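To start, the structure itself, in structure tokens.
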Amino acid sequence: MSRWKVYVTNEIPKPALDMLEEYCDMEVNRTGHVLEKSVLLEKVKGRDAILSLLTDPIDAEVMDAAKGAKIFANYAVGYNNIDIPSATERGIMVSNTPGVLTDTTAEMAWALLFSVARRVVESDKYSRMGKYKGWGPMLFLGQDVMNKTVGVIGAGRIGLSFAKRAKAFDMKVLYSDVAANPEFEKETEGQYVSLETLLKESDFVSIHTPLVPETFHLISTKEFKLMKNTAILINTSRGPVVDESALVKALQSGEIWGAGLDVYEFEPEFTEGLLELDNAIVCPHIASATIDTRTKMGIIAVTNILAAMRGELPPNCLNPEVFKK
């Protein structure tokens, strides 16, 4: 079996790269930066496989430049960066890395929830600036979490993992999705409600939906008006699910109390005014950023490539109809 030529569009944890290098001739973009489209078009030429990241737009033009490639192995659960119909049309397999970051992302949503509710980042900055002169009864008053109501938008794997943790804080769980989810209700004692009811009744709202046409700007001006002025919004799903301009206005006006964000509508750019808000915590898309999880993601992506190299169907192939033995 000949060694495949593989291009890795950005550096990933070493164990995954070591595994790939054992069986393939690889080249890695080690700059730490997302490649310009023109550079990507050159780098994919003559490759048997490309290990891509969510930040790489893999469209028909890139696929045509990678003529002869057998697989694009995406280092992510999401794959809205890849034009799968174009890949299928060209007989190219596409794979992802599902499941591995479920709990890690759910943990990050909780980290944001607590950080916003208890004003952790804001008070940390205050202390570092030398402003802390002693305890005061009105200093950085936040929101309690125990016994509150949490609304979960999206009852998939990550939404379920997030909601299960609410039990520890004796929280009431509401959830909204395209249909009721019996497993979700069994695991969380959650109540299925409309999005409108969820927004009206929840003290915390955490978003866990995929980005599809139906969820674009799912939360916008109308939805913010439904929420409590003490409510906190958490988004670790996809940025465009939230209308970021409407969010900035809602935070500025006090229509909602705060927000914790790990994803952005125009990532990596921020909507004007967002970074100036003390009641918003903005993290650089790090929900899956633990050593264990990012390593597992790399190993899954490499496993998909090696399966294709052996003439096997990659375990996480998104378009298996193109597979040829």
Side-chain angles (χ1 to χ4, degrees), residues 105-119 141-212 214-244 246-263 277 279-281:
T105 302
E107 288 174 2
M108 182 63 184
W110 277 104
L112 287 169
L113 188 153
F114 274 105
S115 296
V116 178
R118 297 307 303 269
R119 302 174 69 178
L141 297 181
Q143 300 280 358
D144 284 323
V145 174
M146 287 290 292
N147 301 307
K148 293 295 184 74
T149 298
V150 61
V152 182
I153 302 176
R157 287 191 298 263
I158 297 174
L160 172 60
S161 181
F162 172 85
K164 284 166 68 175
R165 288 158 169 77
K167 281 185 175 182
F169 305 104
D170 293 326
M171 301 178 82
K172 178 181 178 181
V173 176
L174 304 178
Y175 79 100
S176 178
D177 209 324
V178 292
N181 184 330
E183 180 190 357
F184 187 98
E185 293 174 12
K186 180 181 177 182
E187 294 280 344
T188 68
E189 299 178 6
Q191 179 184 350
Y192 181 62
V193 296
S194 67
L195 179 60
E196 179 177 336
T197 297
L198 183 148
L199 294 172
K200 285 180 177 179
E201 297 186 9
S202 296
D203 300 296
F204 305 93
V205 175
S206 190
I207 303 173
H208 301 282
T209 65
L211 177 61
V212 294
E214 292 76 18
T215 61
F216 177 77
H217 281 191
L218 182 69
I219 306 299
S220 188
T221 302
K222 182 182 78 171
E223 287 70 33
F224 287 122
K225 291 185 183 302
L226 294 172
M227 295 172 69
K228 299 178 181 181
N229 59 15
T230 54
I232 291 171
L233 178 74
I234 305 297
N235 189 14
T236 54
S237 62
R238 288 291 179 263
V241 174
V242 176
D243 180 344
E244 212 162 273
L247 172 62
V248 170
K249 290 176 183 176
L251 290 168
Q252 288 173 335
S253 67
E255 201 160 51
I256 66 172
W257 200 79
L261 309 172
D262 189 52
V263 290
L277 294 168
N279 56 345
I281 291 179

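Keep in mind that the numbers below use all heavy atoms, side chains included, and drop hydrogens, waters and symmetry copies. All of these numbers come straight from a predicted model, not from anything done at the bench.
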- Task: State whether the side chain of D144 and the backbone N or O of M146 hold a donor-acceptor pair below 3.5 Å, judged by distance alone.
- Result: no
**Prompt:** Is a donor on one side and an acceptor on the other found under 3.5 Å between the side chain of S220 and the backbone of H217?
**Reply:** no
T188 and K167 have their tightest heavy-atom pair at CA-CE, 4.0 Å
Exam field: side chain D203 to backbone K148, donor-acceptor pair closer than 3.5 Å
no
Interatomic distance, CE@M171 vs CG@N147, rounded to 0.5 Å, equals 9.0 Å
Rounding to 0.5 Å, atoms CZ (F204) and NZ (K228) come to a distance of 9.5 Å
Closest heavy-atom pair, I232 versus A117, reported as atoms and distance to 0.1 Å, is CD1-CA, 3.6 Å
d(L174 CG, T149 OG1) to nearest 0.5 Å is 6.0 Å
Between the OG atom in S176 and the CG atom in L199, the distance rounded to the nearest 0.5 Å is 8.0 Å
**Message:** Could you tell me if the side chain of E223 sits less than 4.5 Å from the side chain of L218, heavy atoms only?
**Reply:** no
Interatomic distance, CD@E107 vs CZ@F162, rounded to 0.5 Å, equals 12.0 Å
TODO: Would you indicate whether the side-chain heavy atoms of F224 and V242 approach each other to under 4.5 Å?
DONE: yes
- Message: Would you say that L251 contacts I256 through its side chain, given a criterion of any heavy-atom pair below 4.5 Å between the two side chains?
- Response: yes
dist D262:CG -> S237:OG (nearest 0.5 Å) comes out at 10.0 Å
ask   = Does the side chain of L226 reach to within under 4.5 Å of the side chain of E196, using non-hydrogen atoms?
value = yes
Between H208 and A109, the two heavy atoms sitting closest are CE1-CB, 4.0 Å
Does L277 form a side-chain contact (heavy atoms from CB on, under 4.5 Å) with Q252? I'd like the steps, not just the answer. CA-CA 7 Å; L277 294 168; Q252 288 173 335; 3.6 Å; yes
Exercise. For the side chain of S194 and the backbone of T197, is there at least one donor-acceptor N/O pair under 3.5 Å apart?
Worked result: yes
Shortest non-hydrogen pair, G159 vs F184, comes out as O-CE1, 3.7 Å
Next on the checklist: Are the side chains of W257 and N279 in contact, using a 4.5 Å heavy-atom criterion?
Outcome noted: no
**Prompt:** Below 4.5 Å, heavy atoms only, C-beta onward: do N181 and D177 meet side chain to side chain?
**Reply:** no
Practice problem: Could you go through the ring pair (Phe, Tyr, Trp, His ring centres under 6.0 Å) check for F169 and W110 one step at a time? | Solution: CA-CA 11 Å; F169 305 104; W110 277 104; 5.4 Å; yes
*Does the pair D243 and I219 meet the rule for a side-chain contact (heavy atoms from CB on, under 4.5 Å), with working shown?*
CA-CA 6 Å; D243 180 344; I219 306 299; over 6 Å; no
Answer yes or no: is there an ion pair linking E255 with K225, defined by an N-O contact shorter than 4.0 Å? yes
Taken in chain and number order and not counting sequence neighbours, the residues that satisfy side chain to side chain donor-acceptor pair (under 3.5 Å) with T209 are none
Q) Yes or no on side-chain contact (heavy atoms from CB on, under 4.5 Å) for V205 and I153, after CA distance, side-chain angles and deciding distance? A) CA-CA 7 Å; V205 175; I153 302 176; 3.6 Å; yes
- Is any side-chain heavy atom of K172 less than 4.5 Å from a side-chain heavy atom of V150? no
**Prompt:** Heavy-atom distance under 4.5 Å between the side chains of E189 and V173, does that happen here?
**Reply:** no
| said: What I want to check is whether the side chains of S161 and R157 have a donor and an acceptor closer together than 3.5 Å. | reply: no
Test side-chain contact (heavy atoms from CB on, under 4.5 Å) on V193 and Y175 and set out the steps.
CA-CA 6 Å; V193 296; Y175 79 100; over 6 Å; no
Nearest heavy-atom contact between R165 and A106 is NH1-CB, 4.3 Å
Residues Y192 and A180: closest non-hydrogen pair is CZ-N, 3.6 Å
